[in-house]
Enquirer: 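Input: one structure, supplied below.
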Amino acid sequence: MTWRTGTVTTRGATWTGAREVTLRLDTPLPSRDLTTAPWEVRGLAYTALVGDPDVGDRLLLNVSALARGLGTGGYALVVGPAGDATALPADPHAGPGHLVKARYTPLQAMVLGVDEQESTHHDALRDADDLAGLPVVVADLHSALPAVVAGARHAADLAGRPHPHVAYVMTDGGALPAAFSRTVATLRDAGWLDTTITVGQAFGGDLEAVTVHTGLLAARHVAGADLVVVTQGPGNLGTGTRWGFSGVAAGEAVNAAATLGGRPVASLRVSGADPRDRHRGVSHHSLTAYGRVALAAADVPVPAPTDDLEALPAWGAALTRRVHDQAAALAEGPAHHRVLDLPADAALLDALRGSPARLSTMGRSLDGDPASFVAAAVAGVHATRLAHDQPRTATPAEHPTERPTR
């Protein structure tokens, strides 16, 4: 991100929620020839966010798009007021990458997309169109991520095989910065997660991609993943309505994985402790996303708990029956999902307890809502079994080093 401060010299056009201004910069835009470097720029303030600037106001500006010569937008975006001694970070080093994330917001950032022309991986992805059966676990909540990976590693241990190389495709339904997720950082540090790919408006992954589709293709053809987990970043927007929740995108992710020849695995959002009936058993989020939005068939693993698991607090036989009956309805829907009962036992619960990342969903721990994490874990178990049947893709490097340009 390229920062500047400047003073408003004139106020221009205004429309609902926005104001154009002209600003005199304290330091000119980056240029090889300082004698011709631009000192005056056109700015845009979103008045609901930063107020309506007046002549003489000194402002903090994001000039990244102007500094890189992008025609779209063409504004210095007003971030807020600036003091007389506001210290700014140094300009970033010039480098490749014209992919803008958090676009047209005051904090839009320039990154190098794995799929754009300046990327060293562009040739590999230009005509890529096939995941070749790569298992893709889709989940509603970010909290499912460590549980899915724990289940995947547990299945590999049981089979006496190496742990799978896991790529996480982070969508933009929740937090946009990947750095906001302590879960991702912890899983990376522990070696449980090999690559994070941020797609859409999300940013900050090892690789950046424009869409879920190119994110999935990059997971296979660049990162060489054995399986992929797709879910939104931390946070989840819900409104208590049938369609007003960010997890609707889980159904679209199933469609993307199937369209590209992957093997979608729909991880169910399950709870035995949520006080809201619409989220008890299988959440209406999963039933809507997979039952109405997903038009392609996915494997839907359902935990079949042993007696000791079913006896845990917030579980019980009634919850097992409810989850089974709700999931069975997904097999009758438009996509005709493949509903699979997978055994869940104390060993799987122990694998979850061994997660280096804290397990918490909607404020509830593993002991507070065990069915939630076990349901995600069996999706990981199933995905690892599918991965064992797929040949691994050779890549130039096991751990991609192409990082977003900042």
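We number each residue from 1, following the sequence as shown.
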Enquirer: Strictly by side chain to side chain donor-acceptor pair (under 3.5 Å), give each pair with a member in residues 370-386 just once, sequence neighbours left out.
Expert: Asp299-His382

Enquirer: Is a side-chain donor or acceptor of Asn62 paired with a backbone partner of Pro106 at a separation under 3.5 angstrom?
Expert: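 Checking the backbone N and O of Pro106 against the side chain of Asn62, a donor-acceptor pair under 3.5 Å is found.
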
Enquirer: Are more than 12 heavy atoms from other residues, nucleotides or ligands located less than 6.0 Å from atom CZ of Arg182?
Expert: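 Open.
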
Enquirer: Report the C-alpha separation of His142 and Tyr168 in whole Å, then their side-chain angles, then the decisive distance to 0.1 Å, and conclude whether the ring pair (Phe, Tyr, Trp, His ring centres under 6.0 Å) test is met.
Expert: CA-CA 10 Å; His142 187 71; Tyr168 168 44; 5.7 Å; yes

Enquirer: In terms of side-chain heavy atoms, does Arg161 have a donor or acceptor partner in His388 at a distance below 3.5 Å?
Expert: yes

Enquirer: Are Leu25 and Thr5 packed together at the side-chain level, in the sense that at least one heavy-atom pair is separated by less than 4.5 angstrom?
Expert: no

Enquirer: Using modelled atom types only, decide if a donor and an acceptor are shared between the side chain of Ser267 and the backbone of Ala139 within a distance under 3.5 Å.
Expert: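 No, the answer is negative, given that no donor and acceptor are paired below the 3.5 Å cut-off.
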
Enquirer: Is a side-chain donor or acceptor of Arg42 paired with a backbone partner of Thr22 at a separation under 3.5 angstrom?
Expert: no

Enquirer: Just jot down the salt bridge (Lys or Arg N to Asp or Glu O under 4.0 Å) partners of Asp91, sequence neighbours excluded, or say none.
Expert: Arg4

Enquirer: Does Arg292 have any salt bridge (Lys or Arg N to Asp or Glu O under 4.0 Å) partners at least two apart in sequence or in another chain, and if so, which?
Expert: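 For Arg292 there are no salt bridge (Lys or Arg N to Asp or Glu O under 4.0 Å) partners, ignoring immediate neighbours.
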
Enquirer: Quick one, Leu61 and Leu23 - any side-chain contact, counting heavy atoms below 4.5 Å?
Expert: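 Side chain of Leu61 against side chain of Leu23, heavy atoms only: contact under 4.5 Å found.
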
Enquirer: Has Arg24 got more than 12 heavy atoms of other residues, nucleotides or ligands less than 6.0 Å from its CZ?
Expert: yes

Enquirer: Quick one: does Asp226's side chain have a donor or acceptor within less than 3.5 Å of a partner on Val166's backbone?
Expert: no

Enquirer: Is there a donor-acceptor pair closer than 3.5 Å between any side-chain N or O of Gln201 and the backbone N or O of Arg103?
Expert: yes

Enquirer: Thr2 side chain to Val63 main-chain N or O, any donor-acceptor pair under 3.5 Å?
Expert: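 No; zero donor-acceptor contacts below 3.5 Å.
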
Enquirer: Output yes when a side-chain donor or acceptor of Glu310 lies under 3.5 Å from a complementary backbone atom of Pro305, and no otherwise.
Expert: no

Enquirer: Looking at every heavy atom in both Pro303 and Ala344, which two are closest together, and how far apart are they?
Expert: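 That closest heavy-atom pairing would be CB-CB, 4.3 Å.
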
Enquirer: Checking Ser271 against Asp369: is there a side-chain donor and acceptor pair closer than 3.5 Å?
Expert: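 On atom types as modelled, these side chains qualify, holding a pair under 3.5 Å.
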
Enquirer: What is the minimum heavy-atom distance between Phe373 and Arg364, and which atoms define it?
Expert: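 Taking every non-hydrogen atom into account, CZ-O, 3.7 Å.
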
Enquirer: Would you confirm whether Asp115, through its side chain, and Thr214, through its main-chain N or O, come within 3.5 Å as a donor-acceptor pair?
Expert: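 Not a single qualifying donor-acceptor pair exists.
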
Enquirer: Using ring centroids (six-membered ring only for Trp), state whether His285 and Tyr290 fall under 6.0 Å.
Expert: no

Enquirer: Go through it in stages, so that I can follow the logic: the residues are Leu44 and Arg19, the test is side-chain contact (heavy atoms from CB on, under 4.5 Å), and I'd like the CA-CA distance, side-chain angles, deciding distance and then a yes or no.
Expert: CA-CA 6 Å; Leu44 185 69; Arg19 162 77 70 179; 5.9 Å; no

Enquirer: Closer than 4.0 angstrom, basic N to acidic O: yes or no for Arg280 and Asp277?
Expert: no

Enquirer: Determine, stepwise, if the pair Arg11 / Asp52 fulfils salt bridge (charged side-chain N to carboxylate O under 4.0 Å, His left out).
Expert: CA-CA 10 Å; Arg11 282 160 44 106; Asp52 193 359; 3.3 Å; yes

Enquirer: Using salt bridge (charged side-chain N to carboxylate O under 4.0 Å, His left out), reason through Asp206 and Arg188 one step at a time and then give a plain yes or no.
Expert: CA-CA 11 Å; Asp206 301 297; Arg188 286 297 305 272; 2.3 Å; yes

Enquirer: Please report, to 0.1 Å, the donor-acceptor pairs under 3.5 Å made by any side chain of residues 353-360, with sequence neighbours excluded.
Expert:
from: Arg353; atom 1: NH1; to: Asp367; atom 2: OD1; distance (Å): 3.1
from: Arg353; atom 1: NH2; to: Asp367; atom 2: OD1; distance (Å): 2.9
from: Ser355; atom 1: OG; to: Ala357; atom 2: N; distance (Å): 3.2
from: Ser355; atom 1: OG; to: Ala357; atom 2: O; distance (Å): 2.8

Enquirer: Side chains of Trp243 and Thr288: is there a donor and an acceptor less than 3.5 Å apart?
Expert: no

Enquirer: Taking only residues two or more places apart in sequence or in another chain, which ones pass side chain to side chain donor-acceptor pair (under 3.5 Å) with Asp157?
Expert: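 Only His163 meet the side chain to side chain donor-acceptor pair (under 3.5 Å) criterion with Asp157.
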
Enquirer: Output, in order, the C-alpha distance, side-chain angles, deciding distance and verdict of side-chain hydrogen bond (donor to acceptor under 3.5 Å, both in side chains) for Ser283 and Ser286.
Expert: CA-CA 6 Å; Ser283 167; Ser286 289; 5.5 Å; no

Enquirer: Residues in salt bridge (Lys or Arg N to Asp or Glu O under 4.0 Å) with Asp308, at least two apart?
Expert: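 Listed in chain order: nothing, the list is empty.
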
Enquirer: If every non-hydrogen atom of Val212 is compared with every non-hydrogen atom of Ala256, which pair is closest and at what distance?
Expert: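 Nearest pair, atom of Val212 first, then Ala256: CG1-CB, 4.1 Å.
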
Enquirer: Might you point out which heavy atoms bring Ala289 and Ala250 nearest each other, and give the distance in Å?
Expert: CB-CB, 4.2 Å

Enquirer: Which atom pair, heavy atoms only, marks the closest approach of Met110 to His98?
Expert: CE-CA, 4.0 Å

Enquirer: Please say whether more than 12 non-hydrogen atoms of neighbouring residues, nucleotides or ligands are located less than 6.0 Å from OH in Tyr46.
Expert: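 Correct, the count exceeds 12.
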
Enquirer: Is a donor on one side and an acceptor on the other found under 3.5 Å between the side chain of Asn236 and the backbone of Leu141?
Expert: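 No, the answer is negative, given that no donor and acceptor are paired below the 3.5 Å cut-off.
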
Enquirer: What heavy-atom pair brings Ala273 and Gly368 nearest, and what distance separates the two atoms?
Expert: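 Heavy-atom minimum between the residues: CB-O, 3.4 Å.
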
Enquirer: Is the closest side-chain donor-acceptor distance between Thr198 and Glu208 under 3.5 Å?
Expert: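 Yes, side-chain donor-acceptor contact under 3.5 Å.
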
Enquirer: Where the side chain of Ser143 meets the backbone of Thr361, is there a donor-acceptor pair that is under 3.5 Å apart?
Expert: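 Flag not set: sc Ser143 to bb Thr361 has no pair under 3.5 Å.
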
